Every structure is written in structure tokens, then in C-alpha cells.
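First the structure, in the form of C-alpha cells, and then the observations on it.
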Amino acid sequence: MSKYEPLWNWLRENGKEEYKLSYEEMREIMGFELDHSFLNYKKAAKEYGYEVGKISMKEKTVLFHRAK
């Protein structure tokens with residue numbers, strides 16, 4: 001089980017086409033701060049029907065959209 005599985009499950013369960021989540025919102029969902037390991041695990045989102053789009057370090061947000 002990936003430490004990011006709570007986030008992937010949350011995306012799938014809520015079922016929107018697109019999300020723009022702040023780092024804080026992601027921390028609330030996952031229970032820990034977003035770290036650099038996210039870059040290694042982001043491809044796993046596709047297994048749950050989503051892809052990671054833009055990661056904004058300036059805005060501290062991550063864009064997710066349904067996988068095609």
C-alpha cells in the first residue's frame with residue numbers, strides 16, 4: 001500500500017472531473033505533509049482514474065484530472 005493511497009481513494013470516491021487541491025487540503029486527506037516523494041508516486045494516481053497535472057510550488061497547489 002502506498003502512503004498516497006488515501007489521496008488516490010479520496011479522488012476516486014469524490015469523482016469530479018478535475019480537482020485543484022492545496023497542499024493543506026492534501027495534508028488533511030493524507031494525514032501528513034506533501035513531500036518530494038510525491039513525484040515518484042504520482043503515476044499511481046492513474047490506477048485510480050486520475051492523472052497529476054500541474055504542480056505549483058508558488059501557489060502550493062496540485063491539479064488532478066480524470067485519466068483518459
Side-chain angles (χ1 to χ4, degrees):
M1 177 169 132
S2 163
K3 71 181 192 176
Y4 293 100
E5 194 165 345
L7 175 61
W8 310 145
N9 285 326
W10 185 90
L11 292 169
R12 181 173 55 189
E13 288 169 8
N14 287 288
K16 285 183 167 181
E17 287 295 315
E18 189 172 274
Y19 294 94
K20 186 175 186 179
L21 296 176
S22 68
Y23 289 5
E24 178 64 24
E25 290 169 316
M26 292 173 66
R27 185 189 63 73
E28 290 174 12
I29 294 165
M30 300 181 302
F32 60 91
E33 297 289 332
L34 186 66
D35 59 33
H36 281 50
S37 72
F38 181 74
L39 298 174
N40 296 322
Y41 289 95
K42 69 181 187 175
K43 290 180 183 175
K46 202 163 197 171
E47 296 172 30
Y48 295 82
Y50 285 86
E51 293 178 336
V52 177
K54 183 178 179 181
I55 300 171
S56 174
M57 300 296 282
K58 182 179 179 181
E59 294 179 14
K60 296 187 178 183
T61 59
V62 179
L63 183 64
F64 299 91
H65 55 88
R66 277 203 192 269
K68 295 179 182 180

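All values reported here derive from a predicted model rather than from experimental measurement.
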Practice task
Can you tell me which residue pairs pass the side-chain hydrogen bond (donor to acceptor under 3.5 Å, both in side chains) test with a partner in residues 52-62, sequence neighbours excluded?
Solution key: Lys20-Glu59
Practice task
Start with the C-alpha distance between Tyr41 and Leu7, add both sets of side-chain angles, then the distance that settles side-chain contact (heavy atoms from CB on, under 4.5 Å), and finish with yes or no.
Solution key: CA-CA 11 Å; Tyr41 289 95; Leu7 175 61; over 6 Å; no
Handout entry: Leu34 side, atom CG; Ile55 side, atom CD1 - distance, nearest 0.5 Å
Key = 7.5 Å
Handout entry: Qualifying residues under side-chain hydrogen bond (donor to acceptor under 3.5 Å, both in side chains), relative to Glu24, sequence neighbours excluded
Key = Arg27
Problem - Over all atoms of both residues, closest heavy-atom pair of Ala45 and Val52 - result: CB-CG2, 4.3 Å
Problem - Residues forming a side-chain hydrogen bond (donor to acceptor under 3.5 Å, both in side chains) with Lys3, sequence neighbours excluded - result: Asp35, Ser37
Problem - Flag side-chain contact, heavy atom, 4.5 Å: Lys42 against Tyr4 - result: no
Handout entry: Test item: Phe64 and Met26 side chains (from C-beta on) under 4.5 Å apart, heavy atoms
Key = yes
Completion exercise
For Lys46, the side-chain contact (heavy atoms from CB on, under 4.5 Å) test, sequence neighbours excluded, returns Glu51, Ala67
Practice task
With sequence neighbours excluded, tell me which residues meet side-chain hydrogen bond (donor to acceptor under 3.5 Å, both in side chains) with Glu47.
Solution key: none
Exercise for the section: Provide the full list of ring-ring contact (aromatic ring centres under 6.0 Å, His included) pairs with a residue in residues 10-31, sequence neighbours left out, each pair given once. Expected result: Trp10-Tyr19, Tyr19-Tyr50
Problem - Linked, directly or transitively: Trp8 and Leu63 (ILVMFWY side chains, under 4.5 Å) - result: no
Problem - Set of side-chain contact (heavy atoms from CB on, under 4.5 Å) partners for Glu17, sequence neighbours left out - result: Arg66
Exercise for the section: Report the distance from atom CD of Glu28 to atom OG of Ser22, rounding to the nearest 0.5 Å. Expected result: 7.0 Å
